[in-house]
Each structure stands twice: as structure tokens, then as C-alpha cells.
Amino acid sequence: MSIETQSTQLINNQWHAGLGHDFNSINPSNGQIIWQGKTASKEQVDTAVKSARLAQLAWAESSIENRITILENFVAQLKKHSEEFATIIASETGKPLWESRTEVGAMAGKVAISINAHNERTGTTENSMPGAKAFIRHKPHGVVAIFGPYNFPGHLPNGHIVPAILAGNTVVFKPSELTPLVAQYTLSLWLKAGLPAGVINLVQGEVQTGIALASHQDTDGLFFTGSSNTGHLLHKQFAGHPGKILALEMGGNNPLIIKGVADVSAAVHDIIQSGFITSGQRCTCARRVFIENTPNGDAILEKLITATKQINVADSFSEDQPFMGAMISEKAALGMVAAQQQLLSMGAKSLVTLAHLKSGTGFVSPGIIDVTNVADIPDEEHFGPLIKVYRYNDFDSAISEANNTSFGLSAGLLSDSRDDYDHFLKRIRAGIVNWNRPITGASSAAPFGGIGASGNHRASAYYAADYCSYPVASVEASQVNLPTTLAPGLIIE
Ligand SMILES: NC(=O)c1ccc[n+]([C@@H]2O[C@H](COP(=O)([O-])OP(=O)(O)OC[C@H]3O[C@@H](n4cnc5c(N)ncnc54)[C@H](O)[C@@H]3O)[C@@H](O)[C@H]2O)c1
Ligand SMILES: O=CCC[C@H](NC(=O)CCC(=O)O)C(=O)O
């Protein structure tokens, strides 16, 4: 893995060293530095915005076919370099290689889906009317700032960038400071794809760089994927700027209710897939699992504990590929240990202990903690492999407690009863609601967004097209026409 020190900022298709302070990226599996650079200065952020502004009109005026060609070239580059890219994602995030490969696949699949969504949701329609034609068209906002999270450093920023530039916007992209190498590699593939200068600009850095971009006066919008805390800060910052489009894709405190499932092993599989995939670092991960106080519930919990203890946690590139790799950092790992300790101090009971496995790395074992009799559990997202179990007797009480959160991203029910699901679906409050499937792994071909503290009603994925342009309704005639009958009080001779 190369350690880059110069080509870290991309402005007007030229690589520049940052002019701010030093920062680096660590491989969380072994603590080694895999990327070094300097943050973009405020002046460099300004130059990037100016570059995007300069390029935007020509890009928007280019044909949709031309823009699609660039996007399809990018897909070709992703496919050509898929193994190298997956290796970079795995090295910088700690994800297993098998999972990093699926992320590159999701990036490639995003383009065709975005083209369909663009045409279906923001295409041009034409209708006849007396002496004229009525059109509905859509136009890009202009220059948009895009912020990415660390957990899907390729796929999730891509989910904003692709629909944004397809619609004719130009972009200034600020990736997570924890995954600068993935961002740099992504932009290198865009350049290989023939991206015109200024269409996507990359500014690398930490919060200061983020603040400089988010507060820049000459952007027309901001598309953000990240924590609810940061999203709320941005929402406050954009208050008073209703003319700027703001899309916030934030976290969750997601519930999964288990009720009457005969296939105990299948139930356990879906709970593990929901709670522990990506070492619990997905916004859609199950954080709260409600298990019925019945012999069936007891059997599911017992098998869940056994299977959790057998989960293979190992290096991204282990020959025997693990289910879980390292978390993004030792800091994140220790944060999960602390969250578990806080719950224990409140009276929770550990069923499987989440443990930090290796000093200097992000490796943790998955944990399960029973919080059934604990009052005032914090309504916060513990972004790691820790499942909080609630035992319940009454289904409606479980649904009510599942809804007892400020978030509303994903939710699920595992039950053999269709009636139970219909009852659940009517009552649960979330943007993704699944039945007898894990609540992670949402499709890019569907809207992806949450309610409450999980988003601002700008669902992404298939609905991302909606926030990448604005509608323009027109009535058009080839010449002016004097009506045969004038409105009362008018004399035009
Ligand atoms: N809803 C979704 O689609 C979705 C998807 C993935 C992750 N997430 C959420 O993202 C979080 C994990 O990602 P993260 O830790 O990278 O999020 P984060 O909020 O820490 O950072 C996200 C981005 O915002 C920038 N940023 C941070 N503070 C900022 C500030 N004050 N001003 C401007 N920019 C700032 C960061 O540098 C980064 O680029 C979790 O909460 C997870 O649930 C949500
Ligand atoms: O970490 C957050 C969610 C990741 C993933 N969701 C998606 O990929 C949504 C589809 C898209 O944005 O294209 C998940 O649900 O696991």
C-alpha cells in the first residue's frame, strides 16, 4: 500500500498537497500508517468551490448521453481495478476482503440504478394543451458539497456523487478523515474515466476542513452521510438558508423484534447478520433486539449466544475469511467497551462480553447484553457489535418500546405470522421495515432514508435523484397569440 504525501487534494483535476496540518490514516488491523498527508486549507476549499462553479454550466449543458458515458467509464474502471480497490478499502477500514469486494460491487451497480432513477423521477414530460405545450423538466442545483462517512467510504459518498453529477451538478467532496486513501483512489478512477476538470473536486481533512466547506457561501447544497450529531450541527448551520438543498443521511438506534419463529437457526442467522455485520458499523445495524419471554425465545437466545461466541473475528486478509474484521480504530473499539461498561453499571447483564482483542488495533469480539430490567437506557447509537436484548411478554409493549427512540432508520420483525407482521408494519416508525430478513443490506434500487433523528426526509439511494435537481414547469408556444375574447376590462386594439 502506497503512502501518499503529495497527491491528496484534487482541484480542477490537478493533484495538490494539502496546505493545512498533517494527518494520517491507520490500518486498524495492525496499527500501521497507510496514508499521510496534510489537510486542505480554507483557501484550498475556496479554490475547490470556485473550480466546481467554473465547470458547472458546461457540465450541465453537456448532453445527458455525455454524462452517462463518463459514469459508464467509471464503472469500467471500478471493474478493471476492483481487486486493488477492495484491498484498499479492507486495509483502511478493517473490513474483511470479501465484504470490501461487495462494496466495490455496490459502487459499480449504483450507476445503472441512478440512471433509471434519474429518468423515472426527474426526467422530462410533455403534455399538449390548447395552443401550447406543457413541459416538466428538472435542472441541477449547481455546486454541491458532499460529505462521506468512514464505514462505507466508497459506496456511500458514491451514492451522492453519481446522481449529483448525472443531474448536471458539480461537486466538492469531503471524505471522512479516517478513510482518505479510499477517497483518493476513488478520484483516481474518476480521472481515468475521463472526468472533465472541476466536476468532482476532493478536499481532504478533518472537522476544520469540513466546517470550511459546509459554511462556504457559494455552494448550492450539501449532501451528508454521517452521524446524527454532525447532521444536526449542519442542519442548524443551514437554518436560514432554505434556498440551499440539504440532504442528511444519519444514524439509527434500530430495533429488531423476534416473535414465534420455529426455525431457531434461521432466526439466529438474521439477528447476527443484523447486529454484527461490518463489526456493527452499519447505520442499519440492529442495536436493540426484543425476544419474547417464551421457550421459543429462550431457545433463540441460547443459540444466539452460542453462535455469537463462535463468530470468526480476524484480519481482513486472513485465508480463512472472518465474518468480522477490525473496527475502524482502536478509539472506536475502546468506545464500545466503555458503552458496554456504562450499561453494566446501570444494572444490565452481560450474556456475551464485548472485548477489545488486541492493543493498538480495532479488533473487538461481538457482545450481547440484557437490558430488560434497566431503566433509562440512553437513546443513542452504539456504533459497534453490541446487541442490547430486551425480553418481553406483550407484543404491543415491545413495539411501543421499539418506537421509544428519537431515531427511525431501520426496523424488523422475525415471526412466522403474517398477521403479526401486518400489525407491526402499521405501528413501527422507520424508513426501512423488513420481515424475516436482516435489517442490514438495503437495496440501492429502493429509497434509503430514515425519519426522526435519522434524516431530514431526503431519502437517498433510489430517491437520491429527488434532491439532485429541482423541477421546472413550462408552458410553451411558438409565438404570442392575442385571444379572441379578452378578459373583462381589457381593451387591446
Ligand atoms: N443513513 C445513512 O445512510 C448512513 C450511512 C452510513 C453511516 N451513517 C452514520 O454515520 C456515522 C458513522 O460515520 P462517521 O463517524 O464518519 O460520521 P461523522 O458524522 O463523524 O462524519 C461524517 C462526515 O462529516 C464530517 N464532519 C464531522 N464533523 C463535522 C462538522 N462539525 N462540520 C462539518 N463536517 C463534519 C466528517 O469529517 C465526515 O466527512 C454513524 O452514525 C452511522 O449511523 C449513516
Ligand atoms: O451504513 C449504512 C447502511 C449501509 C447499507 N445501506 C445501503 O447500502 C443503502 C443502499 C444505498 O445507499 O445504495 C445497509 O443497509 O447495510
Side-chain angles (χ1 to χ4, degrees), residues 23 39-40 45 93 99 102-103 105-107 109-111 113-114 117 145-160 162-163 173-180 183 203-216 222-238 247-254 273-274 277-278 280-287 327-329 331-332 335 380-384 407-410 412 431-432 434 437-451 453-456 458-464:
F23 76 115
T39 61
V45 169
T93 63
E99 188 178 352
T102 66
E103 180 167 357
M107 293 179 74
K110 179 65 70 173
V111 167
I113 290 170
S114 298
I146 289 177
F147 288 71
Y150 70 76
N151 67 326
F152 279 86
H155 165 49
L156 287 167
N158 192 58
H160 292 307
V162 165
F173 170 35
K174 210 305 278 180
S176 170
E177 55 276 28
L178 300 176
T179 52
V203 289
Q204 302 259 35
E206 297 161 327
V207 174
Q208 256 185 327
T209 303
I211 290 171
L213 178 57
S215 58
H216 199 287
L222 188 151
F223 305 159
F224 168 85
T225 299
S227 67
S228 197
N229 287 343
T230 305
H232 279 72
L233 280 175
L234 293 171
H235 193 265
K236 290 190 180 85
Q237 198 175 310
F238 275 62
L248 300 173
E249 316 303 333
M250 301 185 282
N253 187 8
N254 310 308
Q273 277 292 125
S274 298
I277 195 165
T278 320
Q281 297 169 117
R282 292 195 184 197
C283 54
T284 46
C285 275
R287 306 296 178 198
M327 291 185 69
I328 189 68
S329 65
K331 180 184 175 189
E380 60 192 43
E381 177 186 57
H382 295 136
F383 202 60
F407 296 94
L409 185 56
S410 69
I432 294 104
N434 288 350
R437 284 292 181 277
I439 59 174
T440 53
S443 165
S444 297
F448 186 75
I451 57 172
S454 296
N456 67 329
R458 302 270 188 214
S460 190
Y462 200 74
Y463 283 10

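All values derive from a computational prediction rather than experimental measurement. One-based numbering, in listed order, for ligands and for the atoms of each.
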Which ligand 2 atoms does Arg282 reach within 4.0 Å, using its non-hydrogen atoms?
-> 1 (O), 14 (C), 16 (O)
Which one of Ser443, Cys285, Ser444 has a non-hydrogen atom at the shortest distance from atom 13 (O) of ligand 2?
-> Ser444
In terms of heavy-atom contacts, does NE2 of His235 have more than 12 from other residues, nucleotides or ligands at under 6.0 Å?
-> no
Check ligand 1 for N or O atoms under 3.5 Å from a protein N or O and list each pair with its distance.
unit_1	atom_1	unit_2	atom_2	d
ligand 1	1 (N)	Met250	N	3.3
ligand 1	1 (N)	Met250	O	2.7
ligand 1	10 (O)	Gly226	O	3.3
ligand 1	10 (O)	Ser227	N	3.4
ligand 1	16 (O)	Tyr150	N	3.2
ligand 1	17 (O)	Ser227	N	3.3
ligand 1	19 (O)	Ser227	N	2.9
ligand 1	19 (O)	Ser227	OG	2.7
ligand 1	19 (O)	Thr230	OG1	2.8
ligand 1	37 (O)	Lys174	NZ	2.6
ligand 1	37 (O)	Glu177	OE1	2.6
ligand 1	39 (O)	Gly148	O	3.0
ligand 1	39 (O)	Lys174	NZ	3.3
ligand 1	39 (O)	Pro175	O	3.3
ligand 1	41 (O)	Glu381	OE1	2.5
ligand 1	43 (O)	Glu381	OE1	3.4
ligand 1	43 (O)	Glu381	OE2	2.7

Sidechain-backbone polar pair: Ser228 side chain, Ala453 backbone, donor-acceptor under 3.5 Å = yes
Report yes or no: does Ser274 contribute a side-chain atom to a donor-acceptor pair with the main-chain N or O of Ile439 at less than 3.5 Å?
-> yes
Which one of Ala442, Ser460, Cys283 has a non-hydrogen atom at the shortest distance from atom 10 (C) of ligand 2?
-> Ala442
Can you check whether Arg287's main-chain N or O pairs, donor with acceptor, with Asn253's side chain at less than 3.5 Å?
-> no
Any side-chain heavy-atom pair from His232 and Met250 closer than 4.5 angstrom?
-> yes
Proximal atoms of ligand 2 relative to Gly441 (non-hydrogen, under 4.0 Å) = 14 (C), 15 (O), 16 (O)
Honestly, for Asn151 the part within reach of ligand 2 (heavy atoms, under 4.0 Å) is side chain
Return the residue, atom name and 0.1 Å-rounded distance of the protein heavy atom closest to atom 4 (C) of ligand 2.
-> Phe152 CE1, 3.6 Å
Knowing that exactly one of Pro175, Ser176, Pro149 qualifies, which makes a side chain to side chain contact (heavy atoms under 4.5 Å, CB included) with Pro157?
-> Pro149
Decide whether Thr278 and Glu99 meet the rule of one side-chain donor and one side-chain acceptor closer than 3.5 Å.
-> yes
Looking at atom 8 (O) of ligand 2, what's its closest protein heavy atom, distance included?
-> His155 NE2, 2.8 Å
Go through ligand 2 atom by atom and flag the ones less than 4.0 Å from a non-hydrogen atom of Lys110.
-> 11 (C), 12 (O), 13 (O)
